[in-house]
Asks: 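Take this structure first; my questions come after.
Counting starts at 1 for both ligands and their atoms, in listed order.
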Amino acid sequence: MKIYPMVIDGQIVNGGRTLAVVNPATGEPFAKVHDASPEHVDAAVAAARAAFPGWSATPDAERKTMLHALGAALEANMPELMELITRETGKPLRGLNGVGAGMELGGAIAWTHVTADLDLEPEVIQDNDAARVEVHRKPLGVVASITPWNWPLMIAIWHVIPALRAGNTVVLKPSEYAPVATSRFVELANAILPPGVLNVVTGGGAIGAALTGHRGVDKIVFTGSTRTGKRIMENAAATLKRLTLELGGNDAGIVLPDVDVKAVAPKLFGAAFHNNGQTCACLKRLYVHESQYDALCTELARLAGEAKVGDGMELGTELGPLQNRAQLDVVRELADAAREHGGKVLAGGGVRAGAGFFFEPTIVAGLTNGARLVDEEQFGPILPVIEYADVDDAVRLANDNPNGLGGSVWSSDPARAVDIGKRLECGTVWINGHGAVQPDAPFGGVKQSGIGVGFGRHGLAEFTAIQTVKIMKS
Ligand code: NAD
C-alpha cells in the first residue's frame with residue numbers, strides 16, 4: 001500500500017509509524033501516511049522559521065508567479081488528485097449538482113489564482129503639513145494550518161495560499177482521516193517553492209496540539225469543529241498566537257409563504273445534501289411556513305428517495321458515504337433521538353446495509369428547537385424540516401443557536417427576504433440560495449462558529465500585522 005510522505009524543508013520525510021487511510025465507500029484502507037512525532041513538528045517549524053526571512057523579502061511579483069505555478073500544478077495533476085479525494089473522503093467525482101471532487105479541484109485552482117493576484121496596498125490616513133501617516137501590512141512569520149476531512153484539499157488551499165501570498169511560511173497538518181491529497185499537493189508544491197516555505201506533517205490531534213502550542217508558530221488558521229477550536233484557543237494563549245477559526249455551523253433556512261414549492265425544493269435539497277451534508281455551510285435546519293409545509297415536505301422526501309447513493313468512483317453517483325464511522329454513528333444517533341422526540345421520518349432514516357459508511361438521505365418532520373436534531377450540527381444526510389406560523393418566530397428560532405455561520409431566506413420578493421436575512425445572526429446570508437462561497441468575498445462565522453474570515457482582501461489581511469508609519473513634517 002502506498003505511503004504518502006511528509007515534506008519538511010523541501011525534503012521527503014519517510015520512516016516511523018504509519019496511519020492507515022480508509023476509503024469510506026468500502027470501509028477498507030487504501031493508503032498510508034506517517035504518524036509524525038513531536039520531533040517532526042519541531043523540524044517543520046524550524047524549517048519554516050529559517051525560510052521566513054527569504055520568503056517575506058521575495059518581491060510580490062515573484063511570489064505571485066510562484067503561486068500561479070501552484071495553480072497550474074493543481075490543474076496538471078487534476079485526475080490523480082480528484083481520485084485521491086474521492087477515495088479518502090467518499091465524495092463522488094462529480095456529485096449532486098456537480099458538487100464533488102471535480103468541484104473541489106476546480107475551487108482549489110480558482111482560489112489559488114484569485115488569491116495570488118490580491119494586493120494589500122498601504123493605506124494613507126493623513127498627508128498634510130503636519131505629517132504623513134500610512135498603514136502597512138506585514139507578514140506574521142510561521143503559520144500553522146490545521147484542516148478537517150470534509151473538503152481537505154480546498155480548505156488547505158484556503159489556508160496556505162493567502163498565508164504565502166502575504167509573505168508567511170507554513171506548516172500544514174491535514175486531518176488524519178483525509179491527509180492524502182493534501183500531502184500530494186505539498187509534494188508537488190515543493191518542486192516550485194523554495195525549501196521550508198511549505199511543510200506538511202501528518203498525524204492526529206496530538207500533532208495538531210504540538211503545533212498550536214509551539215513557541216515557533218506565530219499564527220494558527222484552523223478549520224474544524226467548535227470543540228477543537230476552543231482547545232486550540234486555550235493552547236495558543238500561552239504565546240498569544242493570532243487565530244483565525246472557521247468552526248462548526250448549524251445553518252438555518254427560512255422559507256417564506258410566497259415561494260413556488262416545486263421550483264424551490266430541488267435547490268433546498270441541494271443546499272442541505274451536497275457532499276452528503278458534510279459541509280460547514282450546508283443548510284442544516286429548514287423553517288417552512290405552515291401554508292407550504294406539507295407540500296414542501298412531500299417534495300423533499302421525494303428528492304431524498306430518488307437521490308443516487310453509492311461509491312463516488314462510479315459515474316452517476318450523487319451522494320457518497322459518511323466520511324468515517326464515528327460520523328456515521330453521530331448521524332444514526334441523531335436519527336434515533338429524533339424518533340424518540342416524536343419526529344416523523346418521511347424518507348430514509350437508517351444505515352444502508354453492506355460495506356462502507358452509508359446512511360440513507362433522510363427528511364424528518366414534526367420537530368422544533370429543543371430536539372437534538374435541530375439544536376446540534378448533524379454533519380450528514382438528515383434534514384429536520386420545521387413548521388412556523390409567524391415569520392418573527394422563524395427568525396427567533398433560527399437565531400436560537402450558539403452557531404452563526406450562514407443562513408438563508410427563500411422568497412419571490414428578494415427585497416423583503418433581505419430585510420429578514422439581515423436579522424439573522426450569521427456571517428453570511430444567502431437569498432434564494434445557500435452555501436455558495438467565492439474567492440473574493442469574505443466568509444466566516446459569528447457567535448461560536450468562529451473568529452475572523454477567509455477569502456478576498458479581508459481574508460488576506462488576517463495573515464498580516466498592521467504597522468503604522470508616521471512621518472513627521474513639522
Ligand atoms: P475536528 O475538529 O475533529 O478536526 C479538525 C482538525 O483538528 C484535524 O486535523 C484534527 O487532527 C485536528 N485536531 C484535533 N484535536 C486537536 C487539538 N487538540 N489541537 C489541534 N488540532 C487538533 O473537525 P472535523 O471533524 O475534521 O471537521 C468537521 C467540522 O469542521 C464540522 O464541525 C464543520 O462544520 C467544521 N467545518 C467548518 C468550516 C468553516 O469554514 N467554518 C469548514 C469546514 C468544516
Side-chain angles (χ1 to χ4, degrees), residues 19 21 24 33 35-36 38 41 88-89 91 104 107 111 144-159 171-180 182-183 200-214 217 220-237 241 243-251 274-284 322-331 376-380 401-406 426-428 435-437 442-455 459 462:
L19 294 169
V21 184
V33 291
D35 190 7
V41 173
E88 66 183 338
T89 65
K91 82 178 43 144
E104 180 155 2
W111 252 267
S145 150
I146 300 182
T147 56
W149 45 257
N150 60 336
W151 290 93
L153 181 61
M154 189 150 74
I155 291 173
I157 291 292
W158 289 353
H159 291 183
V171 180
L172 174 54
K173 192 209 81 68
S175 166
E176 61 273 39
Y177 288 108
V180 174
T182 305
S183 299
V200 62
V201 290
T202 46
I207 286 304
L211 251 183
T212 56
H214 203 291
V217 170
I220 299 162
V221 53
F222 170 75
T223 302
S225 64
T226 302
R227 197 180 49 162
T228 306
K230 289 176 183 175
R231 286 203 191 125
I232 287 177
M233 202 167 172
E234 280 176 28
N235 208 14
K241 292 179 174 56
L243 294 169
T244 299
L245 302 176
E246 301 285 356
L247 308 178
N250 193 354
D251 288 13
H274 78 259
N275 202 31
N276 221 13
Q278 301 167 111
T279 298
C280 51
C282 265
L283 175 51
K284 290 172 181 155
L322 273 303
Q323 198 277 338
N324 57 72
R325 187 175 293 284
Q327 194 58 39
L328 179 66
D329 289 342
V330 168
V331 171
E376 297 176 24
E377 182 185 32
Q378 66 276 57
F379 221 57
N401 196 275
N403 295 288
L405 191 58
C426 54
T428 301
V437 291
F443 174 73
V446 299
K447 302 205 286 191
Q448 293 188 33
S449 286
I451 296 178
V453 294
F455 315 159
E462 302 241 341

Asks: Using every non-hydrogen atom in the two residues, find where Lys91 and Asn150 come nearest and quote the distance to one decimal.
Replies: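 Looking at all heavy atoms of both residues, the shortest contact is NZ-O, 2.7 Å.
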
Asks: I need the nearest protein heavy-atom contact for atom 12 (C) of ligand 1: residue, atom name and distance, please.
Replies: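 The closest one turns out to be Ile146 CG2, 3.7 Å.
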
Asks: Would you say Gln448 and Lys230 are linked by a side-chain donor-acceptor pair, where the criterion is simply a distance under 3.5 Å?
Replies: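 Side chains of Lys230 and Gln448: pair found under 3.5 Å.
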
Asks: Within the structure, does Leu405 bring an N/O atom to less than 3.5 angstrom of an N/O atom in ligand 1?
Replies: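 In fact, backbone or side chain, Leu405 has no N or O that close.
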
Asks: Quick one: which ligand 1 atoms are inside 4.0 Å of a heavy atom on Glu377?
Replies: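 Result: 31 (C), 32 (O), 33 (C), 34 (O).
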
Asks: If you count the atoms of ligand 1 from 1 in the order shown, which ones are under 4.0 Å from a heavy atom of Glu246?
Replies: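 That gives atoms 37 (C), 38 (C), 39 (C), 40 (O), 41 (N) of ligand 1.
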
Asks: Provide the closest heavy-atom pair for Gly249 versus Leu405 in the form atom of the first, atom of the second, distance.
Replies: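 The answer is CA-CB, 4.0 Å.
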
Asks: So, 4.0 Å and heavy atoms of Gly450: is ligand 1 close enough to count as a contact?
Replies: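 The answer is no: ligand 1 sits nowhere under 4.0 Å from a heavy atom of Gly450.
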
Asks: Which residue and non-hydrogen atom of the protein lie closest to atom 41 (N) of ligand 1, and at what distance in Å?
Replies: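 For atom 41 (N) of ligand 1, the nearest protein heavy atom comes out as Leu247 O, 2.7 Å.
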
Asks: Using a heavy-atom cut-off of under 4.0 Å, does the side chain or the backbone of Asn235 touch ligand 1, or both, or neither?
Replies: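 Looking at Asn235 and ligand 1, no heavy atom falls under 4.0 Å.
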
Asks: Which is it for Thr226 and ligand 1 at heavy atoms under 4.0 Å: side chain, backbone, both or neither?
Replies: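 The answer is neither; Thr226 stays 4.0 Å or more away.
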
Asks: Work out whether the distance between some heavy atom of Ile155 and some atom of ligand 1 is less than 4.0 Å.
Replies: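 Within the 4.0 Å threshold, so yes.
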
Asks: Could you tell me if any non-hydrogen atom of Phe443 lies under 4.0 Å from any atom of ligand 1?
Replies: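 Yes; Phe443 lies near enough to ligand 1 that a heavy-atom distance drops under 4.0 Å.
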
Asks: Evaluate the side-chain proximity of Val41 to Val171: yes if any heavy-atom separation is below 4.5 Å, no if none is.
Replies: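 Result no, sub-4.5 Å side-chain heavy-atom pair not found.
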
Asks: Any N or O of Lys284 that comes nearer than 3.5 Å to an N or O of ligand 1?
Replies: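 No, Lys284 has no N/O under 3.5 Å of an N/O on ligand 1.
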
Asks: Describe, in one word, how the ring planes of Tyr177 and Trp149 are oriented to each other, choosing from parallel (under 30°), tilted (30 to 60°) and perpendicular (over 60°).
Replies: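 Because their plane-to-plane angle is over 60°, the rings of Tyr177 and Trp149 count as perpendicular.
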
Asks: Which ligand 1 atoms does Gly249 reach within 4.0 Å, using its non-hydrogen atoms?
Replies: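 With Gly249 as reference, the close atoms of ligand 1 come out as 34 (O).
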
Asks: For Val200 and Pro174, which heavy atoms make the closest approach, and how far apart are they?
Replies: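 Where Val200 meets Pro174 most closely, the heavy atoms are CG2-CD, 3.7 Å.
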
Asks: Looking only at side chains, do Thr244 and Glu462 share a donor and an acceptor under 3.5 Å apart?
Replies: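 Judged by distance alone, the side chains do pair up.
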
Asks: Can you find an N/O atom of Ser225 closer than 3.5 Å to an N/O atom of ligand 1?
Replies: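 Checking ligand 1 against Ser225, an N or O pair does fall under 3.5 Å apart.
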
Asks: Got the closest protein heavy atom to atom 22 (C) of ligand 1, with its distance?
Replies: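 Sorting protein heavy atoms by distance from atom 22 (C) of ligand 1 puts Thr228 CG2, 3.5 Å first.
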
Asks: Scan side-chain atoms only and decide if Thr279 and Trp151 contain a donor-acceptor pair under the 3.5 Å cut-off.
Replies: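 The criterion, which ignores hydrogens and geometry beyond distance, is satisfied for Trp151 and Thr279.
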
Asks: Considering only the protein, which heavy-atom contact is closest to atom 8 (C) of ligand 1, and what is its distance?
Replies: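 Minimum-distance protein heavy atom for atom 8 (C) of ligand 1 reads Thr147 O, 3.4 Å.
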
Asks: If you have a sec, work out which protein heavy atom is nearest atom 20 (C) of ligand 1 and how many Å separate them, to one decimal?
Replies: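 Looking at atom 20 (C) of ligand 1, the protein heavy atom closest to it is Gly208 C, 3.2 Å.
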
Asks: Calculate, to the nearest 0.5 Å, the distance between atoms CD1 and NZ belonging to Ile232 and Lys241 respectively.
Replies: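 One finds 11.0 Å between CD1 of Ile232 and NZ of Lys241.
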
Asks: Could you measure the distance from the CZ atom of Phe379 to the CG atom of Asn250? Nearest 0.5 Å is fine.
Replies: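 Nearest 0.5 Å value for the CZ-CG distance: 11.5 Å.
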
Asks: May I ask whether Gly445 has any heavy atom positioned less than 4.0 angstrom from an atom of ligand 1?
Replies: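 Checking ligand 1 against Gly445, which is what was asked, there is no heavy-atom contact under 4.0 Å.
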
Asks: Taking all non-hydrogen atoms of both residues into account, name the closest pair between Gly248 and Thr226 and its distance.
Replies: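 Of all heavy-atom pairs spanning Gly248 and Thr226, the closest is N-OG1, 3.2 Å.
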
Asks: Can you tell me which residue and heavy atom of the protein come closest to atom 10 (C) of ligand 1, and the distance to 0.1 Å?
Replies: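 Here the closest protein heavy atom is Glu176 OE1, 3.6 Å.
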
Asks: Would you say Thr147 and His159 are linked by a side-chain donor-acceptor pair, where the criterion is simply a distance under 3.5 Å?
Replies: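 Distance-only check fails for His159 and Thr147.
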
Asks: Taking all non-hydrogen atoms of both residues, which atom of Ser449 and which atom of Gly404 are closest, and how far apart?
Replies: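 Nearest pair, atom of Ser449 first, then Gly404: OG-N, 2.8 Å.
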
Asks: Does an N or O anywhere in Thr223 fall below 3.5 Å from an N or O of ligand 1?
Replies: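 N/O-N/O distance under 3.5 Å: no.
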
Asks: Which heavy atom of Ala144 sits nearest to which heavy atom of Val217, and what is that distance?
Replies: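 It is CB-CG1, 3.7 Å.
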
Asks: Heavy atoms only: which of Pro174, Gly224, Pro148 lies closest to atom 29 (C) of ligand 1?
Replies: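 Minimum heavy-atom distance to atom 29 (C) of ligand 1 goes to Gly224.
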
Asks: Do me a favour and list the nearest non-hydrogen protein atom to atom 39 (C) of ligand 1 with residue, atom name and distance?
Replies: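 Ranked first by proximity to atom 39 (C) of ligand 1 is Cys280 SG, 3.3 Å.
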
Asks: Can you figure out which of Trp151, Trp149, Phe222, Phe379 has its heavy atom closest to atom 5 (C) of ligand 1?
Replies: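 Nearest heavy atom to atom 5 (C) of ligand 1 lies in Phe222.
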
Asks: Can you confirm, on distance only, whether ligand 1 has an N/O atom lying under 3.5 Å from any N/O atom belonging to Asn150?
Replies: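 No, Asn150 has no N/O under 3.5 Å of an N/O on ligand 1.
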
Asks: Counting non-hydrogen protein atoms only, what is the nearest one to atom 18 (N) of ligand 1? Give residue, atom name and distance.
Replies: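 Answer for atom 18 (N) of ligand 1: Arg231 CD, 4.0 Å.
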
